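Keep in mind that what you see is a predicted model, and the values were worked out from it rather than measured. Read the numbers this way: they start at 1 and go in the same order the structure lists the ligands and their atoms. Positions are given from 1 along the sequence.
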Amino acid sequence: MYNEKNDAPLRIALTKGRLEKNTIALFEEHGVDCANLRDKGRKLVFPLDFGNSIVAEVLLVKPYDVITYVEHGFCDLGIVGKDTIMEHGKSFYEVADLGFGKCRMALAAKAEYLQNPEQFYHGYGKKVIATKFENIAREFFAGKQKDIEIIKIEGSVEIAPLLGFADGIVDIVETGTTLKENGLEVLENICEISARLIVNIASMKMKNNKIDSVIKKLGL
Ligand code: PRP
């Protein structure tokens, strides 16, 4: 039976930057030629041959946009960090943990609090937390019944406690170098993070064969 949607090309949104190198490595390890992605210049869309007559259109975009494209069905598949999924994700299938882009989400504050982390919550007035991950922070503190104010900062959040604008941060810790070089320490781990493969809900039905084929091709 003719199925128009199923005959449309498969579209995949990839996170540019941090996860890009590992994503290309995963694809190449499973025989997907990524020469055009490696030599991308200023191009933003790339055809990638996943075998089985599947040539997907691959987009390199910012993390939050991977979620937007997949949720709205502009893309069928996406590769994005669990941090972005937790912060912004609503409705799609999360089908695989890709095992790279590993880091953790943590509450960090000035190193002096490490001696006695409980001290962090003591004292008068509310504690101010600077973070790019408002929703994750809000959920983390919700169960603690502490007086917390969460302030959204777009990047380099370590500056906030360093200069006294905030008491702590909720942020990604990978090597720990950024914290260390700014006199901060992890007080509490919130969760482990890694890259995930996500699939649009309708695409999973309409383009099941192609999606299955790509997932198998990647050894997932
Ligand atoms: C992330 C995160 C930390 C840093 C942690 O920032 O927000 O600042 O990486 O990495 P580390 O533990 O290996 O030092 P990113 O580089 O993504 O940029 P940003 O600060 O502009 O968000």
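- Of all the atoms in ligand 1, the ones that sit under 4.0 Å from a non-hydrogen atom of Ser156 are 19 (P), 20 (O), 21 (O).
- When each atom of ligand 1 is checked for a heavy atom of Ile172 under 4.0 Å away, the hits are 2 (C), 3 (C), 5 (C).
- The ligand atoms of ligand 1 that sit less than 4.0 angstrom from a heavy atom of Thr178 are 4 (C), 5 (C), 8 (O), 10 (O), 11 (P), 14 (O).
- In this structure, Asp49 contributes its side chain and Gly51 its backbone to a donor-acceptor pair below 3.5 Å.
- Contact of the Leu179 side chain with the Ile169 side chain is registered, since non-hydrogen atoms from C-beta on lie closer than 4.5 Å.
- A search for side-chain hydrogen bond (donor to acceptor under 3.5 Å, both in side chains) contacts involving Glu188 returns Lys144, not counting sequence neighbours.
- Some N or O of Gly176 is nearer than 3.5 Å to an N or O of ligand 1, by distance alone.
- No more than 12 heavy atoms of other residues, nucleotides or ligands shown are found within 6.0 angstrom of NZ on Lys21.
- At most 12 non-hydrogen atoms from other residues, nucleotides or ligands lie less than 6.0 angstrom from NZ of Lys102.
- Which parts of ligand 1 touch Thr175 is read off a 4.0 Å heavy-atom cut-off, strictly below it: atoms 11 (P), 12 (O), 13 (O), 14 (O).
- Residue contacts with ligand 1 for Asp171 involve side-chain atoms from C-beta outward but no N, CA, C or O (heavy atoms, distance under 4.0 Å).
- Around OH of Tyr69, the count of heavy atoms belonging to other residues, nucleotides or ligands within 6.0 Å does not exceed 12.
- Closest to atom 22 (O) of ligand 1 by heavy atom, among Arg104, Glu181, Lys132, Glu158, is Lys132.
- In this structure, the protein non-hydrogen atom closest to atom 17 (O) of ligand 1 is Arg18 NE, 3.3 Å.
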